[in-house]
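What follows is a single structure, written as structure tokens, with notes after it.
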Amino acid sequence: MFALVDVNNMYVSCERVFRPALNGRPVVVLSSNDGACIARSNEAKDLGVRMAQPWFEVRHLEREAGLIALSANFELYGDMSSRMMALAAEYAPRQEIYSIDECFLDFEGVPGDLVAIGRDLRSKVLAWTGLPTSIGFGATKTLAKLANHVAKTADRKPGRYPPQYAQVCNFLDLSAEQLHAVLSAADVGDVWGIGRKTAPRLNEAGLRTVLDLLKADVPALRRQFGIVMEKTLRELRGTPCHVVDDAPQPNQQIMCSRSFGAPVTELPTLIEVVSQFVTQVARKLREQGSLAGGVQVFINTSPYRRQDRQHAPSATLRLGQATSDTRVLISAVVRVLRSIFRPGYNYAKAGVLLVDLQQASHEQSALDLFEPGPSPDAPERNRASLMSAMDALNDRFGRGAVTVASAARRPGPSAHASKQERRSPRFTTRLDEIAVARA
DNA sequence: TCTGGGGTCCTAGGACCC
DNA sequence: TCTGGGGTCCTAGGACCC
């Protein structure tokens with residue numbers, strides 16, 4: 001028996017905790033460059049704002065409909081997420097944190113009325129963090145996801161599903177007739193794993209509702225849509241193909257990429273930008289105790305600017321020896337960047353990817369035949385302690401307190417820097433931004 | 001003028017091996 | 001003229017997720 005706990009409109013809900021005046025108002029949270037809407041309140045959804053819709057397309061709703069836009073504040077959302085996850089974890093023996101706003105819980109062997117447990121969880125999270133959640137229970141992860149969809153939709157769109165399923169929905173409490181009714185009201189596209197490409201293809205084959213899908217021929221769908229679809233179908237029929245994984249593996253790749261506030265044409269600017277990206281990914285790399293065996297760099301012009309000549313090169317460089325040393329990674333990344341950069345293009349975005357990650361303990365030093373020099377053991381230790389000293393200084397004095405020179409920000413305003421004009425304070429993680437209560 | 005960022009898994013096809 | 005077959009590994013691209 002699985003549950004999926006999911007925060008409603010996570011980023012908007014986090015903002016509302018500290019600014020209750022936003023309740024009941026249409027609110028969106030914008031991406032890093034204030035470029036697109038990445039979270040929407042129900043009121044904003046009702047205004048027709050779509051996921052990832054460019055801000056300039058809906059900006060007129062500010063005046064016309066009182067739409068409020070905020071810059072993303074990931075530090076705040078991450079902290080609120082940890083608080084919510086810690087509370088949810090108390091309710092079941094196993095928890096898998098699936099994303100910043102969702103977790104699966106495995107209720108195997110837990111006695112009692114699951115809906116009552118779910119309602120208790122929900123009200124505790126609401127009381128202790130201020131975040132509203134929806135909870136779905138099902139025999140598999142895919143069914144728990146679908147139950148969660150029903151719980152959320154019943155709350156938001158009256159008429160589509162029975163109102164008693166709102167907020168907390170347990171498929172195992174439903175009679176065959178009730179389940180039948182729910183499954184024939186749910187679209188194939190509402191199923192976890194069926195996305196915007198596959199749903200239309202299923203529709204063309206005459207499969208519109210989840211019930212249609214359940215009646216379909218598994219081997220035929222497997223042939224046409226692959227093994228992912230087969231697993232989805234099995235899960236919908238109640239056979240678990242996925243478990244709750246409470247000990248996730250470290251990431252296999254770590255990425256940092258960003259669109260620029262204004263087009264970039266100069267190589268030195270790009271070098272500065274990707275060096276800053278490396279600083280971030282290398283930090284994450286060391287946090288998860290990994291080494292990178294290679295780096296990948298990409299830059300691209302804006303496909304939306306039809307009048308511009310387009311260029312979107314990318315290249316990978318294998319490192320002779322896996323490392324987590326920011327300096328080594330920066331020099332590798334800059335080498336790749338120099339090889340792919342061409343003057344005369346308006347670059348709109350760049351990214352750095354660390355690939356071929358391995359656990360630091362598995363690293364076999366002195367295996368690099370092409371790296372000259374004496375036994376690498378002592379330099380390796382120096383390298384590691386330099387990097388931990390850098391991390392410690394940045395922890396203590398703020399990010400960017402100590403950095404590699406090529407990643408240092410030049411003085412003065414930089415046009416390519418991200419716009420973050422509407423960011424709220426980081427209420428829960430910065431002492432100087434903490435919320436102040438006034439009498 | 002302005003168009004998100006960070007991940008995973010699967011598949012097809014090419015290189016290479018014997 | 002005839003032009004293997006089976007296996008592995010790697011990569012790029014696509015689909016999905018939030």
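Every chain is numbered from 1 and lettered A, B, ... according to where its sequence line falls, protein lines coming before strand lines.
- Heavy atoms of C256(A) sit under 4.0 angstrom from primed sugar atoms or phosphate atoms, though from no base atom.
- Within 4.0 Å (heavy atoms only), Q53(A) reaches no atom of the nucleic acid at all.
- The listed nucleotides are dC18(C), dT3(B), dG4(B); the one nearest the side chain of F56(A) is dT3(B).
- Residue contacts shown for A36(A) are limited to sugar-phosphate atoms, with no base heavy atom under 4.0 Å away.
- Between Q296(A) and dT11(C), a side-chain N or O to OP1/OP2 separation shorter than 4.0 Å is absent.
- OP1 and OP2 of dT3(B) both lie 4.0 Å or more from every side-chain N or O belonging to R50(A).
- Closest contact between the side chain of V228(A) and the listed nucleotides dG5(B), dC17(C), dC10(B) involves dC10(B).
- Straight-line distance from the CG atom of L285(A) to the P atom of dG7(B): 11 Å, rounded to whole Å.
- In this structure, Q224(A) places its CD atom 16 Å from C1' of dG14(C), rounding to the nearest Å.
- Between N346(A) atom CG and dT3(B) atom C1' there is a gap of 16 Å when expressed in whole angstrom units.
- Of the candidate nucleotides dC10(B), dC16(C), dC17(C), dC17(C) has the atom lying nearest to any side-chain atom of W192(A).
- R423(A) has a carboxylate O that lies under 4.0 Å from a charged side-chain N of E433(A), or vice versa, which qualifies the two as a salt bridge.
- When heavy atoms are screened at a 4.0 angstrom cut-off, L30(A) is found touching no nucleic acid atom at all.
- You'll find that the side chain of K284(A) is closest to dG6(B), out of dG6(B), dC10(B), dC18(C).
- Between the side chains of Q358(A) and S290(A), no donor N or O sits under 3.5 Å from an acceptor N or O.
- The side chain of S257(A) places an N or O atom within less than 4.0 Å of a non-bridging phosphate oxygen (OP1 or OP2) of dG6(B).
- Relative to the side chain of S31(A), the nucleotides dG6(B), dG4(B), dG7(B) differ in distance, and dG4(B) lies closest.
- Taking atom P in both dT3(B) and dC18(C), the straight-line distance is 25 Å, to the nearest Å.
- Among the heavy atoms of the strands lying under 4.0 Å from R318(A) are primed sugar atoms or P, OP1, OP2 only; no base atom is included.
- To the nearest angstrom, P of dC2(B) lies 11 Å from CG of N33(A).
- Within the nucleic acid shown, V281(A) has no heavy atom closer than 4.0 Å to any nucleic acid atom.
- Contact annotation for R59(A): no contact, since no heavy-atom pair falls under 4.0 Å across all strands.
- Taking the centre of each ring, H149(A) and Y161(A) come in below the 6.0 Å mark.
- The side chain of I227(A) approaches dT11(B) more closely than any other nucleotide in the set dT8(B), dT11(B), dT3(B).
- The closest side-chain donor-acceptor pair between N148(A) and S134(A), if any, does not fall under 3.5 angstrom.
- Nearest-nucleotide positions on DNA chain B for W55(A) and G226(A) put W55(A) closer to the 5' end.
- The interatomic distance linking Y11(A) (OH) with dG6(B) (C1') rounds to 10 Å, in whole Å.
- Taking the centre of each ring, F107(A) and F137(A) come in below the 6.0 Å mark.
- One finds a side-chain N or O of T198(A) lying less than 4.0 angstrom from the OP1 or OP2 phosphate oxygen of dC16(C).
- Ranking dC17(C), dG5(B), dG7(B) by closeness to the K145(A) side chain, first place goes to dC17(C).
- Remark: E287(A) engages R283(A) in a salt bridge, criterion side-chain N to carboxylate O under 4.0 Å.
- No engagement by I100(A) is indicated, since no non-hydrogen atom pair under 4.0 Å with the nucleic acid exists.
- A salt bridge does not link D34(A) with R59(A): none of the charged nitrogens is closer than 4.0 Å to a carboxylate oxygen.
- Residue S259(A) has a polar side-chain atom (N or O) positioned under 4.0 Å from OP1 or OP2 of dG5(B).
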Would F2(A) and W192(A) count as a ring pair (Phe, Tyr, Trp, His ring centres under 6.0 Å) if you check the C-alpha gap in whole Å, the side-chain angles of each, and the deciding distance to 0.1 Å?
-> CA-CA 14 Å; F2(A) 300 94; W192(A) 189 40; over 10 Å; no
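- Between dC17(C) and K197(A), no contact under 4.0 Å exists linking OP1 or OP2 to a side-chain N or O.
- Using a 4.0 Å cut-off, some side-chain N or O of S32(A) falls inside it from OP1 or OP2 of dG5(B).
- The partner of dC17(C) is dG6(B), judged by Watson-Crick or G-U wobble contacts that both fall below 3.5 Å.
- Atom pair D308(A):CG and dT3(B):P shows a separation of 11 Å (rounding to whole Å applied).
- When the side-chain nitrogen and oxygen atoms of K349(A) are compared with OP1 and OP2 of dT3(B), none of them lie within a distance under 4.0 Å.
- Atom CZ of F298(A) and atom P of dG4(B) are 12 Å apart (whole Å).
- At least one side-chain nitrogen or oxygen of R305(A) sits closer than 4.0 Å to the OP1 or OP2 atom of dC2(B).
- Here the side chain of Y98(A) is nearest to one of dC18(C), dG7(B), dG4(B), namely dC18(C).
- When rounded to the nearest whole Å, the span between NZ of K231(A) and P of dT8(B) equals 16 Å.
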